[in-house]
K.L.:
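What follows is a structure written as structure tokens; I'll ask about it next.
When reading the values below, keep in mind they use all heavy atoms of this one structure, side chains included, and skip hydrogens, waters and symmetry mates. All residue numbers in this chain count up from 1 along the given sequence.
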Amino acid sequence: MLPAVVKLCCGISYPHLRSMAGLQRAAVAVIGQEISHLQRWGQIQHHMRAHAGFKYNEPKPEDVKPDQLFYVQQGQEAMRKALRMLEDKEGWKVEITQSDGDVIRSKVMPGARKVFRLEAVLDASVDELYDLLFVRVEEMHQWNPSIQHIKVLKRVGPETIVTHEVSAETAGNLIGQRDFLSVRHSCKQKSSIYLGGAAIQLESFPPQAGFVRAEDGPTCIVIQPLDEDSRKSRFTWLLNMDVKGWLPKSLVNQALPRAQLEFTRHLRRRLTASAALS
């Protein structure tokens, strides 16, 4: 409908366009470019909603206050970008293969930054993992010693949070202590859970003295039930991080996949402890 209206308006106004002053012509050109941009963005949104059966639960205006909609949009956009990285099958190379079946692959992105994709099977349901990794994210330091603390600064509805995370000073931490300010977004599609996130900047929460503020994302975790056993989950984690500071790229590229393995090891211990208590 919009293209037809635009063509009709252009057809009506074209004879007058030749007699316009330069500034008026420039204004018409800008309007035309903006309409084209909106058309392309609408097509992109439609494509992403249909992409690989993934649907976003887009917030309705009444669900989110206007001043908080920014955070939801940032979280959704991070999710879209991260999923596009995951679903692009080209260029991935195996970095690490574990005896328990865990595999980490890497890919060099534009700008020469490496991203890492961990694939594992965990002895937990999709809902249990969602509860640990998103709902109770502030408790993560209790079972993951690489985290000093995570604080939820803002809750924007049930699906989006803004967090401040500080990594712990642990032996063997090659990168050193960092802090992160991130928006995190969750989405449930059928039986799967998607967790996405990215770095965010807030004037009210500038970088903290004594820490290097790293930037995470766009990143995501996809949790899917195992076809043959719904009590287990297929866990796919895209790690995409700029650790900042003056560290050799080779060191960072060694440390990040190692951090993924450490995280998964601690997560399995937490799941085993929970199973023993139930």
K.L.:
Working to the nearest 0.5 angstrom, can you tell me the gap between Leu239 CG and Lys114 NZ?
P.N.:
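Reported to 0.5 Å precision, the distance equals 12.5 Å.
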K.L.:
Do Arg105 and Lys93 have side chains that get closer than 4.5 Å, going by heavy atoms?
P.N.:
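The answer is no; the side chains never approach within 4.5 Å.
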K.L.:
Do Ser186 and Glu159 have side-chain atoms, one donor and one acceptor, less than 3.5 Å apart?
P.N.:
no
K.L.:
Under a plain distance cut-off of 3.5 Å, with no hydrogens placed, do Gln177 and Gln148 share a side-chain donor-acceptor pair?
P.N.:
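A donor-acceptor contact under 3.5 Å links the two side chains.
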K.L.:
Tell me whether Asp100 is salt-bridged to Arg268, with the criterion being a basic N under 4.0 Å from an acidic carboxylate O.
P.N.:
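Yes, charged N to carboxylate O under 4.0 Å.
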K.L.:
My understanding is that only one of Val212, Leu251, Asp216, Val252 makes a side-chain contact (heavy atoms from CB on, under 4.5 Å) with Val243; could you say which?
P.N.:
Val252
K.L.:
Which pair of non-hydrogen atoms, one from Met140 and one from Ile147, has the smallest distance, and what is that distance?
P.N.:
SD-CD1, 3.4 Å
K.L.:
What heavy-atom pair brings Pro225 and Ser192 nearest, and what distance separates the two atoms?
P.N.:
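Answer, listing the atom of Pro225 first, then Ser192: CD-OG, 4.1 Å.
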K.L.:
Which pair of heavy atoms, one from Lys190 and one from Lys188, lies closest together, and at what distance?
P.N.:
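It is O-CE, 3.6 Å.
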K.L.:
Any chance you could lay out the side-chain contact (heavy atoms from CB on, under 4.5 Å) test for Lys151 and Thr163, step after step, and finish with the verdict?
P.N.:
CA-CA 5 Å; Lys151 175 68 176 176; Thr163 62; over 6 Å; no
K.L.:
When you compare the side chains of Asn144 and Ser146, does any donor N or O come within less than 3.5 Å of an acceptor on the partner?
P.N.:
yes
K.L.:
Within the side chain of Ser182, is there an N or O that forms a donor-acceptor pair under 3.5 Å with the backbone of Ala199?
P.N.:
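Checked: no pair found.
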K.L.:
Apply ring-ring contact (aromatic ring centres under 6.0 Å, His included) to Phe116 and Trp92, showing your working.
P.N.:
CA-CA 9 Å; Phe116 299 89; Trp92 292 98; 8.9 Å; no
K.L.:
For residues Leu133 and Leu195, determine if any side-chain heavy atom of one lies less than 4.5 Å from a side-chain heavy atom of the other.
P.N.:
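With C-beta onward as the side chain, the pair touches.
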K.L.:
From Thr160 OG1 over to Arg155 CZ, what is the distance, rounded to the nearest 0.5 angstrom?
P.N.:
11.5 Å
K.L.:
Are Gln76 and Cys187 side-chain neighbours, meaning at least one heavy-atom pair lies under 4.5 Å?
P.N.:
no
K.L.:
Could you walk me through whether Arg270 and Leu132 satisfy the side-chain contact (heavy atoms from CB on, under 4.5 Å) test, starting with their C-alpha distance in whole Å, then the side-chain angles of each, then the deciding distance to 0.1 Å, before giving a yes or no?
P.N.:
CA-CA 9 Å; Arg270 175 65 174 81; Leu132 276 175; 3.9 Å; yes
K.L.:
Mind listing the closest non-hydrogen atom pair of Glu138 and Ile150 along with its distance?
P.N.:
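Distance-wise, the nearest heavy atoms are CG-O, 3.4 Å.
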K.L.:
List the atom of Ala198, the atom of Ala78, and the distance in Å for their closest heavy-atom pair.
P.N.:
CB-CB, 3.6 Å
K.L.:
Ring-plane angle category for Phe205 and His164, please: parallel below 30°, perpendicular beyond 60°, tilted otherwise.
P.N.:
tilted
K.L.:
Examine Leu181 and Val166 and state if one hydrophobic cluster contains both, with Ile, Leu, Val, Met, Phe, Trp and Tyr joined whenever side-chain heavy atoms are less than 4.5 Å apart.
P.N.:
no
K.L.:
If you round to the nearest 0.5 Å, how far is CH2 of Trp143 from CZ of Arg136?
P.N.:
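Arg136 CZ to Trp143 CH2: 10.0 Å, rounded to 0.5 Å.
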K.L.:
When rounded to the nearest 0.5 angstrom, what is the spacing between CD in Glu95 and CD in Gln254?
P.N.:
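Rounded to the nearest 0.5 Å, the CD-CD separation comes to 10.0 Å.
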K.L.:
Among the clusters formed by ILVMFWY side chains lying less than 4.5 Å apart, do Leu202 and Val156 turn up in the same one?
P.N.:
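Yes; Val156 is reachable from Leu202 via cluster members.
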K.L.:
To the nearest 0.5 Å, what is the distance between NZ on Lys81 and OG1 on Thr219?
P.N.:
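Atom-to-atom, Lys81:NZ and Thr219:OG1 are 13.5 Å apart.
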K.L.:
Is it possible for you to say whether Leu226 and Leu129 belong to one hydrophobic cluster, with membership spreading through side-chain heavy-atom contacts below 4.5 Å?
P.N.:
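They do not share one cluster, since no chain of ILVMFWY contacts under 4.5 Å joins Leu226 to Leu129.
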K.L.:
Describe, in one word, how the ring planes of Tyr130 and Phe134 are oriented to each other, choosing from parallel (under 30°), tilted (30 to 60°) and perpendicular (over 60°).
P.N.:
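Judged by the thresholds at 30° and 60°, the geometry between Tyr130 and Phe134 is parallel.
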K.L.:
Within the structure provided, determine whether Met79 and Tyr194 are in side-chain contact (heavy-atom separation under 4.5 Å).
P.N.:
yes
K.L.:
Is there side-chain contact between Asp102 and Thr264, with at least one heavy-atom pair below 4.5 Å?
P.N.:
yes
K.L.:
Where is the tightest heavy-atom contact between Val222 and Leu83, given as atom of each residue plus distance?
P.N.:
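For Val222 versus Leu83, the nearest heavy atoms are CG2-CD2, 4.0 Å.
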K.L.:
Are Leu247 and Phe180 connected in a single hydrophobic cluster, I mean Ile/Leu/Val/Met/Phe/Trp/Tyr linked by side-chain heavy atoms less than 4.5 Å apart?
P.N.:
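They do share one cluster, since a chain of ILVMFWY contacts under 4.5 Å joins Phe180 to Leu247.
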K.L.:
Run the numbers on Leu69 and Gln73 for side-chain contact (heavy atoms from CB on, under 4.5 Å), then give the verdict.
P.N.:
CA-CA 6 Å; Leu69 188 59; Gln73 291 171 337; 3.7 Å; yes
K.L.:
Please report the interatomic distance CZ(Arg258) to CG(Asn253), rounded to the nearest 0.5 Å.
P.N.:
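Answer rounded to 0.5 Å: 14.5 Å.
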K.L.:
Answer yes or no: is there an ion pair linking Asp227 with Lys232, defined by an N-O contact shorter than 4.0 Å?
P.N.:
no
K.L.:
Surrounding CD of Gln201 (heavy atoms of other residues, nucleotides or ligands, distance under 6.0 Å), is the total greater than 12?
P.N.:
no
K.L.:
Check whether the side chains of Asn240 and Arg113 place a donor and an acceptor atom closer than 3.5 Å, and report yes or no.
P.N.:
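Arg113 and Asn240 do have a side-chain donor-acceptor pair below 3.5 Å.
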K.L.:
Between Arg184 and Glu165 (salt bridge meaning N to carboxylate O under 4.0 Å), is one present in this structure?
P.N.:
yes
K.L.:
Taking the six-membered ring of Trp237 as reference, does the cationic atom of Arg117 (NZ for Lys, CZ for Arg) lie under 6.0 Å from its centre and within 45° of its axis?
P.N.:
no
K.L.:
Count I, L, V, M, F, W, Y as connected when their side-chain heavy atoms are under 4.5 Å apart, and connections chain through other members. Are Ile221 and Val152 then in the same cluster?
P.N.:
yes
K.L.:
Is the backbone N or O of Leu86 less than 3.5 Å from a side-chain atom of Lys107, with the two atoms forming a donor-acceptor pair by type?
P.N.:
no
K.L.:
Using the side-chain contact (heavy atoms from CB on, under 4.5 Å) rule, take Asp179 and Ser167 through it: C-alpha gap first, then chi angles, then the decisive distance, then the call.
P.N.:
CA-CA 6 Å; Asp179 82 327; Ser167 64; over 6 Å; no
